[in-house]
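Along the sequence shown, residues carry numbers from 1.
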Amino acid sequence: MSRDPSPVPLRRLAERGRRALLPLSDGWGSATARARALPDFLICGAQRAGTTSLFKALAQHPAATGPTLRKGAHFFDTGYRDDLDRYRAHFPTRARLRARGGRPRVRVFESSPYYLFHPLAAERIARDLPWVRVVVILRDPVERAYSAHAHESARGFEDQPFEKALELEPERLAGEEERLAADAAYRSHSHQHHAYTARGRYVDQLVRMERHLGRDRVHVVDHADLFDGTPRALAEIERFVGLRPGPERSPGRHNARVRDRMPESLRDELAARFADSDARLAEWWGRTPSWRR
């Protein structure tokens, strides 16, 4: 008797099928772009803070939908060309989203966690989507950095061990943010893939987001609250983005990676590095983040 196929090969097969369909989907989306919607809200980060899990949880809501065959479009960071039709091509047609049969209008969203960190993304979002609301998840920056390193290593974007990557980070990132801000066409591999501690200095990124979008359009959620096993934080996000209460549930955990335990001495050293940024974050946020309680 043959065995049932294991979940891992099935997921890989599904992923290959999805990627094979992307060119067809993109071509059709481009041809019908003018009939397609733009997002009502965005999940903008932080990277490795649970954005995939939140995306999947919200995509289960009967009145919310993401891009076709994608989690995120990366339009406002690495793919910006000042052409909203290129962006519309990723989303469903407006006709599919209309209220009908007692169902409210379906809201559209995407999740691109580099939006929070890219120096031009907030300004671009504010200019092109003046109505949009933004959700940001914040995770202990020490854990986020360690998780990001495992993620980038598994994807082939990092070839150094964690401590060496931390040592190299200042050199790798030197001048990159300034060059990105000065040249809209420039893309920085290290800024996107090697910013382990820089991405964890959340307050500067949130201040920039607030400056361009306004505080009332940015909802910040603590990773510990979102994944505490209750539906409370998810329900608050649904209210913020204009969704009626969905089925009571807490987000599952997706896209996690197995990694060795971080040495306590290194953890303490990194926590000290983030102390000033975390203190300024608490002042901006009006609450102490979970990892500093």
Undergrad: Quickly, which of His151, His189, His194 forms a ring pair (Phe, Tyr, Trp, His ring centres under 6.0 Å) with Phe157? Name it, please.
TA: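 Output: one option passes, namely His189.
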
Undergrad: Are the side chain of His61 and the backbone of Arg244 linked by a donor-acceptor contact shorter than 3.5 Å?
TA: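 Side chain of His61 to backbone of Arg244: a pair is present.
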
Undergrad: Apply side-chain hydrogen bond (donor to acceptor under 3.5 Å, both in side chains) to residues Tyr114 and His191 and explain how you reach the verdict.
TA: CA-CA 10 Å; Tyr114 191 29; His191 189 268; 2.7 Å; yes

Undergrad: Got a sec: does the CD of Glu171 have more than 12 other heavy atoms crowding it under 6.0 Å?
TA: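 No, not enclosed.
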
Undergrad: Evaluate the salt bridge (charged side-chain N to carboxylate O under 4.0 Å, His left out) criterion for residues Arg273 and Asp268: first the C-alpha distance (whole Å), next the side-chain angles of each, then the deciding distance (0.1 Å), finally the verdict.
TA: CA-CA 9 Å; Arg273 287 196 206 181; Asp268 292 344; over 6 Å; no

Undergrad: Assign the ring pair Phe109 / Phe41 to parallel, tilted or perpendicular, where the plane angle (0 to 90°) is split at 30° and 60°.
TA: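 The arrangement is parallel - the two ring planes meet at less than 30°.
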
Undergrad: Check step by step if salt bridge (charged side-chain N to carboxylate O under 4.0 Å, His left out) holds for Glu176 and Arg179.
TA: CA-CA 5 Å; Glu176 291 300 274; Arg179 188 170 177 185; 5.1 Å; no

Undergrad: If we ignore hydrogens and angles and just use 3.5 Å, is the side chain of Arg144 paired with the main-chain N or O of Val142 as donor and acceptor?
TA: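 No, because the side chain of Arg144 does not come within donor-acceptor range (under 3.5 Å) of the backbone of Val142.
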
Undergrad: What do the steps show when you test Arg287 against Asp222 for salt bridge (charged side-chain N to carboxylate O under 4.0 Å, His left out), and what is the final call?
TA: CA-CA 10 Å; Arg287 58 169 286 183; Asp222 195 305; 3.6 Å; yes

Undergrad: Taking ring pair (Phe, Tyr, Trp, His ring centres under 6.0 Å) as the definition, give me every residue that meets it alongside His149, ordered by chain and number, with sequence neighbours left out.
TA: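 His149 satisfies ring pair (Phe, Tyr, Trp, His ring centres under 6.0 Å) with Phe162, Tyr196 once adjacent residues are dropped.
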
Undergrad: Counting heavy atoms not belonging to Arg96, are there more than 12 under 6.0 Å from its CZ?
TA: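 Atom CZ in Arg96 is not packed in, count stays at 12 or less.
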
Undergrad: Can you tell me which residue among Arg139, Glu152, His193 is in a side chain to side chain donor-acceptor pair (under 3.5 Å) with Gln47?
TA: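 Among Arg139, Glu152, His193, the one meeting side chain to side chain donor-acceptor pair (under 3.5 Å) with Gln47 is Glu152.
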
Undergrad: Establish, yes or no, whether the cationic atom of Arg215 lies under 6.0 Å from the six-membered ring centre of Trp284 and within 45° of the ring axis.
TA: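 Ring-cation test returns yes.
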
Undergrad: What do the steps show when you test His74 against Tyr80 for ring-ring contact (aromatic ring centres under 6.0 Å, His included), and what is the final call?
TA: CA-CA 8 Å; His74 283 283; Tyr80 195 70; over 10 Å; no

Undergrad: What I'd like to find out is whether the side chain of Leu38 reaches to under 4.5 Å of the side chain of Arg88, using heavy atoms alone.
TA: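 Result yes, sub-4.5 Å side-chain heavy-atom pair found.
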
Undergrad: As a quick check of understanding, evaluate salt bridge (charged side-chain N to carboxylate O under 4.0 Å, His left out) for Arg280 and Asp204, giving each step before the final call.
TA: CA-CA 9 Å; Arg280 291 188 295 117; Asp204 299 322; 3.1 Å; yes

Undergrad: Assess whether side-chain hydrogen bond (donor to acceptor under 3.5 Å, both in side chains) is satisfied between Thr197 and Glu169, documenting all intermediate values.
TA: CA-CA 8 Å; Thr197 59; Glu169 183 177 342; 3.0 Å; yes

Undergrad: Given side-chain hydrogen bond (donor to acceptor under 3.5 Å, both in side chains), test Ser147 with Arg48 step by step and report yes or no.
TA: CA-CA 6 Å; Ser147 176; Arg48 305 305 296 167; 3.0 Å; yes

Undergrad: Within a 6.0 Å radius of atom CZ on Arg100, are there more than 12 heavy atoms belonging to other residues, nucleotides or ligands?
TA: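 It does: Arg100 CZ has more than 12 such atoms within range.
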
Undergrad: Does CZ in Arg98 sit with more than 12 non-hydrogen atoms of other residues, nucleotides or ligands closer than 6.0 Å?
TA: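 Open.
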
Undergrad: Show me the pairs that pass ring-ring contact (aromatic ring centres under 6.0 Å, His included) and involve residues 214-251, at least two apart or across chains.
TA: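 Output for this query lists His219-Phe240, His223-Phe227.
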
Undergrad: Quick one, Ser112 with Glu110, criterion side-chain hydrogen bond (donor to acceptor under 3.5 Å, both in side chains). Give me CA distance, side-chain angles, the key distance, then yes/no.
TA: CA-CA 7 Å; Ser112 294; Glu110 63 135 326; 2.6 Å; yes

Undergrad: I want to know whether Phe76 and His118 have ring centres closer than 6.0 Å.
TA: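 They do not qualify: ring centres at least 6.0 Å apart.
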
Undergrad: What I'd like to find out is whether the side chain of Ser250 reaches to under 4.5 Å of the side chain of Thr230, using heavy atoms alone.
TA: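 Side-chain contact under 4.5 Å: no.
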
